Amino acid sequence: MIARAVLRQAWRQSVLRLLAILAAAAIVGLFIDSVWPLLALSTFSILSWHYWRLHRLLTQLHQRRHLRGKKGRGLWDDLEMLLHRRQMEGRARIRRLLGLVRGYRRAATLMPDAVLLVERAGGRIIWCNRQARDLLTDGVQSGNVLITDVFSDARVHTWLTEGQTEEPLLDQPAPRNPNVRLSLRLLPYSSDQWLLVVRDVTKLLRLEQLRRDFVANVSHELRTPLTVVHGYLDIMDVEDYPDLAPMLDEMRKQSQRMSQLVEDLLTLSRLEAQEALVERETVAMAPLLTTLRREAQALSGGRHRISVSDEAGVDLLGSTRELHSAFSNLVSNAARYTPVDGRIEVRFERNPDGGAVLAVQDSGYGIPAQHLPRLTERFYRVSTSRARESGGTGLGLSIVKHVLNLHGARLDITSEVGSGSRFACVFGPTSVAERPRASDEA
Ligand code: ADP
């Protein structure tokens with residue numbers, strides 16, 4: 001509203017000034033008897049003055065000069081005032097943005113991690129902070145360096161080309177010192193730039209290794225004393241010590257649980273130490289499914305209805321020993337967490353993508369949805385008392401997850417409280433092999 005009033009006033013002033021000049025010219029013209037020449041002269045002067053203002057304004061704008069913001073005395077002053085205001089606002093915005101950019105840069109500089117701005121196409125490093133120079137190489141700051149010049153490892157090249165923003169690249173040797181281990185994380189900074197955050201994880205990895213070694217060593221050391229205790233308990237006949245019978249029974253149960261715990265811990269340590277499968281053999285699924293059926297029957301002791309179906313007609317590629325241990329764990333869980341008269345189904349079938357799925361389904365207690373994401377963590381239990389009662393170690397699903405990871409497969413869990421659970425091991429097409437026909441084998 002105020003702007004419109006100012007504009008109206010400027011128009012009024014300009015028109016009044018024009019009329020005043022023309023009227024003055026006409027009056028003077030009347031006196032000297034030359035009205036028209038004087039009117040023409042004053043019109044020409046007014047026009048020249050307008051051109052001069054226009055020229056001055058255009059020159060100032062072309063030369064990006066600072067316009068003076070004079071309080072309005074007509075249209076030109078008003079226009080200059082408006083342009084001056086725009087200039088001031090633009091400058092203030094630029095100053096604010098510059099402050100923000102400087103702030104971000106300062107924050108990136110102060111970050112303990114190395115930060116690099118990398119072009120998506122070509123991989124040229126556009127900017128990096130001081131930590132990047134310290135951690136990677138001094139050359140990283142000088143103009144046309146490519147990220148592939150800094151990291152020569154083919155693993156980094158593939159990771160960058162794939163634009164892997166979900167999974168960080170772990171345990172990468174530093175270019176300066178291979179003993180320094182790095183983790184690389186890629187963030188989509190803009191449509192044509194990546195932000196690469198590099199962190200020194202040497203200490204973390206060392207601690208992780210220490211933890212793994214500690215667990216493996218303790219488990220290993222516990223094996224011998226446990227075997228001795230087992231041995232003595234086995235030769236102590238209950239009939240010789242009838243008073244101690246309940247105690248001996250409990251001691252046997254507990255020492256067996258401890259042995260199972262130690263064995264599971266050792267299995268986990270062994271699996272964690274492997275980055276990939278050393279050798280992939282053909283896992284003959286028909287005999288493996290027969291073994292699983294036998295194990296399920298033994299674990300169930302006739303308390304459940306058990307069915308095993310082999311509809312896939314293919315074999316898997318991987319480690320027979322590890323896959324057997326993973327599938328057994330699932331079957332054992334189904335038997336332990338399904339009440340008497342429940343149903344346990346083991347199914348091996350093809351997936352539409354060309355892969356295969358081994359699923360163990362039960363009609364047991366089921367698992368509340370909030371527990372599902374954490375189920376494969378070590379020692380995670382939905383109900384501690386039920387798990388203890390059933391003789392579990394809390395490591396079964398953790399072992400399953402590790403085995404499947406090594407095979408490039410995944411574990412899908414669906415469950416409903418009171419109806420049962422389904423644990424599906426999903427294998428990709430590359431893990432599937434044609435099963436030799438019986439006649440071929442003969
Ligand atoms: P545990 O040795 O205690 O069974 P797992 O790692 O095998 O350890 O399983 C973790 C937890 O997941 C179990 O304690 C149990 O609460 C839950 N769980 C696993 N399988 C089933 C199942 N088939 N039905 C219901 N709960 C299950």
Side-chain angles (χ1 to χ4, degrees), residues 277 280-367 372 375-376 390 392 396-397 399-442:
L277 278 180
R280 290 213 311 173
E281 61 195 348
T282 303
V283 182
M285 286 306 286
L288 184 51
L289 288 166
T290 311
T291 313
L292 287 179
R293 179 199 292 276
R294 227 180 301 123
E295 284 173 359
Q297 281 162 346
L299 285 162
S300 159
R303 284 171 296 145
H304 309 102
R305 278 168 289 140
I306 295 166
S307 72
V308 177
S309 68
D310 179 6
E311 290 152 30
V314 287
D315 284 335
L316 291 176
L317 289 171
S319 155
T320 308
R321 178 185 164 198
E322 310 294 14
L323 285 179
H324 178 200
S325 128
F327 300 155
S328 295
N329 264 309
L330 296 181
V331 169
S332 147
N333 280 355
R336 287 187 295 119
Y337 298 110
T338 304
V340 181
D341 283 341
R343 201 170 18 78
I344 299 172
E345 273 177 38
V346 180
R347 242 189 218 189
F348 184 47
E349 41 189 24
R350 289 304 289 269
N351 228 4
D353 70 353
V357 182
L358 186 129
V360 179
Q361 180 144 17
D362 62 55
S363 61
Y365 306 115
I367 306 156
L372 295 182
L375 224 51
T376 54
S390 70
L397 290 181
I399 292 177
V400 174
K401 192 182 99 179
H402 272 83
V403 170
L404 293 185
N405 276 353
L406 278 179
H407 284 79
R410 64 169 203 274
L411 180 66
D412 279 355
I413 310 172
T414 43
S415 185
E416 209 174 301
V417 177
S419 304
S421 319
R422 180 175 184 267
F423 289 77
C425 310
V426 186
F427 295 86
T430 50
S431 299
V432 169
E434 282 305 313
R435 190 179 292 179
R437 278 172 295 154
S439 55
D440 295 347
E441 277 179 318

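Every heavy atom of this structure was used, including side-chain atoms; hydrogens, water molecules and symmetry mates were not. Note that this is a predicted model, so its numbers are computed, not measured.
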With side chains defined as the heavy atoms from C-beta onward, is the minimum distance between Met285 and Arg435 less than 4.5 Å? yes
Any non-hydrogen side-chain atom of Phe427 less than 4.5 Å from a side-chain atom of Leu323? yes
How far apart are the closest heavy atoms of [X] and [Y], and which atoms are they?
{"X": "Val426", "Y": "Asn351", "result": "CG1-ND2, 3.6 Å"}
{"X": "Leu330", "Y": "Cys425", "result": "CD1-SG, 3.6 Å"}
{"X": "Arg347", "Y": "Ser309", "result": "CG-OG, 2.9 Å"}
{"X": "Ala334", "Y": "Val360", "result": "CB-CG1, 3.9 Å"}
{"X": "Asn329", "Y": "Gly396", "result": "OD1-CA, 3.6 Å"}

Between the side chain of [X] and the main-chain N/O of [Y], is any donor-acceptor distance below 3.5 Å?
{"X": "Arg305", "Y": "Asp341", "answer": "yes"}
{"X": "Ser431", "Y": "Gly408", "answer": "no"}
{"X": "Asp362", "Y": "Ser421", "answer": "yes"}
{"X": "Ser300", "Y": "His304", "answer": "yes"}

Would you check, one step at a time, whether the test side-chain contact (heavy atoms from CB on, under 4.5 Å) holds for Ser325 with Ile399? CA-CA 8 Å; Ser325 128; Ile399 292 177; 3.9 Å; yes
Once you round to the nearest 0.5 Å, how far does [atom1] of [X] lie from [atom2] of [Y]?
{"X": "Leu316", "Y": "Leu288", "atom1": "CG", "atom2": "CG", "answer": "8.5 Å"}
{"X": "Lys401", "Y": "Arg410", "atom1": "NZ", "atom2": "CZ", "answer": "14.5 Å"}
{"X": "Ser363", "Y": "Arg422", "atom1": "OG", "atom2": "CZ", "answer": "15.0 Å"}

Just by distance, no angles: are the side chains of Glu295 and Ser328 close enough, under 3.5 Å, to form a donor-acceptor pair? yes
For Thr290 and Arg294, test the side chains for any donor-to-acceptor distance below 3.5 angstrom and give the result as yes or no. no
With a 6.0 Å cut-off (strictly less than), is the heavy-atom count around CZ of Arg303, excluding the residue itself, greater than 12? yes
Should we count CD of Glu416 as having more than 12 external heavy atoms under 6.0 Å? no
Are Phe327 and Val403 close enough, and set up right, to give a side-chain contact (heavy atoms from CB on, under 4.5 Å), and what steps lead you there? CA-CA 10 Å; Phe327 300 155; Val403 170; over 6 Å; no
Is there a side-chain contact (heavy atoms from CB on, under 4.5 Å) between Glu322 and His407 once you walk through the steps? CA-CA 10 Å; Glu322 310 294 14; His407 284 79; 4.3 Å; yes
So, applying side-chain contact (heavy atoms from CB on, under 4.5 Å) with Phe348, which one of Val308, Leu292, Asp310 is it? Asp310
